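For reference, the structure discussed in these notes is given below.
Since this is a predicted model, take the numbers as computed values, not measurements.
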Amino acid sequence: MTFKFFPLFALSLLVLGACSENTSDSGSLADQRLRGMVSLDGSSTVFPISEAVAEEFLKVEPSIRVTVGVSGTGGGFEKFLADEIDIINASRPIWQSEQEMAIQNQLNYLEIPIAYDGLSVVVNVQNDWVDYLTLEELNQIWKPDSQVRMWSDIRPEWPDSEIKLYAPGADSGTFEYFTDAVNGAPSLSRADFTASEDDNILVQGIIGDPDALGFFGFAYYTANSDRLKIIPIDSGSGPIAPSQKTIEDGSYTPLTRLMYIYLKTARAADPAVRSFVNFYIDYAASLSQEVGYIPLPESYYAAARAALSEI
């Protein structure tokens with residue numbers, strides 16, 4: 001599977017399913033297929049993996065309808081805790097307040113890590129002055145009381161042109177993770193930037209603006225690496241750019257993170273849902289790599305299989 005942009009229409013809602021073929025043979029393959037529905041929503045960062053899994057699952061179980069929505073990790077948890085979806089795609093762990101809401105709603109869940117991501121800071125390819133940024137400089141740019149307006153406000157030798165900032169929206173787990181890592185608290189940030197829950201809009205904005213700077217998941221950079229310039233980050237050990245190696249070995253810090261899906265344990269009793277989640281675990285490594293993320297060690301997937309088997 002290769003791609004450039006993850007399709008904009010798909011990012012609002014991906015629906016996969018097919019009608020089983022008509023047959024009068026009660027013992028036919030069509031009659032033995034599982035049927036049902038599986039609903040996912042949440043992170044746009046995790047979306048490419050879940051989209052790829054859903055597409056491959058459809059080839060195996062064409063009578064199961066899978067929907068994959070994108071409302072951001074925060075919006076996804078709201079739907080998950082309101083019992084509106086089966087599975088949430090999450091680019092951060094569940095918060096304490098969300099855990100408390102789950103307890104209040106008597107909702108049990110299984111947390112399943114699926115891949116590594118390295119949050120990628122990028123600029124326009126015409127930007128020939130930024131070779132790296134320090135973590136302190138990222139903080140200067142993004143903190144709530146930032147005085148940075150021009151590139152020269154960061155380093156005086158850089159141009160006297162206005163920085164145009166792009167970032168995921170407030171419901172995004174990516175935004176929450178980045179601001180926590182850079183500014184010390186989730187969602188603690190300046191407000192004068194172009195925000196979108198659709199990472200493709202951020203990609204297109206940065207491609208079209210020579211003075212742009214933004215961040216999003218690694219897969220959205222790798223899918224458009226010929227039209228974006230990635231910026232190494234120096235957090236104290238010298239400038240390091242995200243790559244399979246630096247994300248996997250943890251040297252790209254503090255912007256390397258785990259990504260997850262969360263399953264309602266009550267829905268695991270549904271054969272269609274259980275089949276889909278088992279399939280997801282089995283193919284998370286290969287498909288996450290295919291769309292531009294970094295697979296986890298096999299021990300993570302083995303632990304997830306074991307946990308699911310006990311439900």
(message) Please evaluate residues Thr67 and Ser39 with respect to the criterion side chain to side chain donor-acceptor pair (under 3.5 Å), reporting the C-alpha separation (whole Å), side-chain torsions for both, the decisive distance (0.1 Å), and the verdict.
(response) CA-CA 5 Å; Thr67 64; Ser39 57; 5.0 Å; no
(message) Between Ser71 and Asp41, does the side chain to side chain donor-acceptor pair (under 3.5 Å) criterion hold? Intermediate values first, please.
(response) CA-CA 7 Å; Ser71 57; Asp41 206 326; 3.0 Å; yes
(request) Apply side chain to side chain donor-acceptor pair (under 3.5 Å) to the pair Asn183 and Asn139, showing each step before the final yes or no. (result) CA-CA 6 Å; Asn183 296 335; Asn139 172 257; 3.1 Å; yes
(request) Please lay out, stage by stage, how Leu258 and Leu296 fare under the test side chain to side chain contact (heavy atoms under 4.5 Å, CB included). (result) CA-CA 9 Å; Leu258 282 167; Leu296 303 177; 3.4 Å; yes
(request) Report the C-alpha separation of Leu40 and Val38 in whole Å, then their side-chain angles, then the decisive distance to 0.1 Å, and conclude whether the side chain to side chain contact (heavy atoms under 4.5 Å, CB included) test is met. (result) CA-CA 7 Å; Leu40 300 83; Val38 184; 4.0 Å; yes
(request) Kindly determine whether Val125 and Asn127 satisfy side chain to side chain contact (heavy atoms under 4.5 Å, CB included), including the steps that lead there. (result) CA-CA 5 Å; Val125 290; Asn127 184 318; over 6 Å; no
(request) Could you give me the CA-CA distance, side-chain angles and deciding distance for Arg267 and Asp86, then say whether salt bridge (charged side-chain N to carboxylate O under 4.0 Å, His left out) is met? (result) CA-CA 7 Å; Arg267 294 293 293 141; Asp86 304 318; 2.6 Å; yes
(request) Begin from the C-alpha positions of Tyr132 and Ile233 and carry the test side chain to side chain contact (heavy atoms under 4.5 Å, CB included) through to its verdict. (result) CA-CA 6 Å; Tyr132 72 93; Ile233 304 302; over 6 Å; no
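No hydrogens or angles considered: nothing links the side chains of Thr253 and Ser235 as a donor-acceptor pair under 3.5 Å. Using modelled atom types, one finds a donor on one side chain and an acceptor on the other under 3.5 Å when comparing Tyr280 with Ser50. Checked by atom type, the side-chain pair Ser251/Asp249 shows a donor-acceptor distance below 3.5 Å. Between the side chains of Thr174 and Thr45, a donor-acceptor pair is found at a separation under 3.5 Å. At a cut-off of 3.5 Å, with distance as the only test, no side-chain donor of Gln147 or Gln140 sits close to an acceptor on the other residue. For the 3.5 Å distance criterion, the side chains of Arg35 and Ser63 fail to qualify, holding no donor opposite an acceptor.
Ser275 places no side-chain N or O within donor-acceptor distance of the main-chain N or O of Ala272, the cut-off being under 3.5 Å. No donor-acceptor distance shorter than 3.5 angstrom exists from the side chain of Thr265 to the backbone of Leu263, with no hydrogens or angles considered. Looking at Ser172, its side chain never comes within 3.5 Å of a backbone N or O of Pro168 through a donor-acceptor pair. A distance-only check finds no donor-acceptor pair linking the side chain of Tyr283 to the backbone of Asn278 [under 3.5 Å]. With Thr246 contributing its side chain and Ser243 its backbone, the two residues share a donor-acceptor pair below 3.5 Å. Not one N or O on the side chain of Ser146 forms a donor-acceptor pair closer than 3.5 Å with the backbone of Lys143.
Residues Ile231 and Lys229 are in side-chain contact: their nearest non-hydrogen atoms beyond the backbone lie under 4.5 Å apart. At a threshold of 4.5 Å between non-hydrogen side-chain atoms, the residues Tyr220 and Val122 do not count as touching. Proximity of Pro271 to Arg274: side-chain heavy atoms (C-beta onward) are nowhere separated by under 4.5 Å. When side chains are defined from C-beta on, Met37 does not count as touching Val66, because their heavy atoms never get closer than 4.5 Å. Between Ser43 and Phe47, every side-chain heavy-atom pair lies at or beyond the 4.5 Å cut-off. Using a 4.5 Å cut-off on side-chain heavy atoms (C-beta onward), Asp234 and Leu135 make no contact. Ile154 is listed as a side-chain neighbour of Ile141, based on a closest heavy-atom distance under 4.5 Å. Using a 4.5 Å heavy-atom cutoff, the side chains of Ile112 and Ile261 are in contact.
Ring planes of Trp151 and Trp129: perpendicular class, angle over 60° (limits at 30 and 60°). Ring orientation note: the planes of Phe218 and Tyr221 are tilted relative to one another, at an angle of 30° to 60°.
For Ala285, the side-chain contact (heavy atoms from CB on, under 4.5 Å) partners at least two apart in sequence or on another chain are Pro295, Tyr301. By the salt bridge (charged side-chain N to carboxylate O under 4.0 Å, His left out) test, Glu298 pairs with Arg305, sequence neighbours left out. Scored by the salt bridge (charged side-chain N to carboxylate O under 4.0 Å, His left out) test, Asp83 finds Lys264 as partners (sequence neighbours excluded). With sequence neighbours excluded, no residue forms a ring-ring contact (aromatic ring centres under 6.0 Å, His included) with Tyr300. Every residue was checked against the ring-ring contact (aromatic ring centres under 6.0 Å, His included) condition with Tyr166, not counting sequence neighbours, and none meets it.
If you take CD1 on Ile294 and CG on Asp117, they are separated by 8.5 Å, rounding to the nearest 0.5 Å. Glu197 CD to Phe175 CZ: the interatomic distance, rounded to the nearest 0.5 Å, is 10.0 Å. Here the CG atom belonging to Leu165 is positioned 6.0 Å from the CD1 atom belonging to Ile163, to the nearest 0.5 angstrom.
Using a 4.5 Å cut-off between side-chain heavy atoms of Ile, Leu, Val, Met, Phe, Trp and Tyr, with links allowed through other members, Met150 and Leu133 fall into different hydrophobic clusters. Leu188 and Phe178 are assigned to two separate hydrophobic clusters, defined by single-linkage of ILVMFWY side chains at heavy-atom distances under 4.5 Å.
For residues 102-112, the pairs satisfying side-chain hydrogen bond (donor to acceptor under 3.5 Å, both in side chains) are Glu111-Tyr262, with sequence neighbours left out.
Seen from the ring of Trp95, Arg92 counts as a face-on cation partner, given the 6.0 Å and 45° thresholds.
Between Gly42 and Ile88, the shortest heavy-atom contact is CA-CG1, 4.4 Å.
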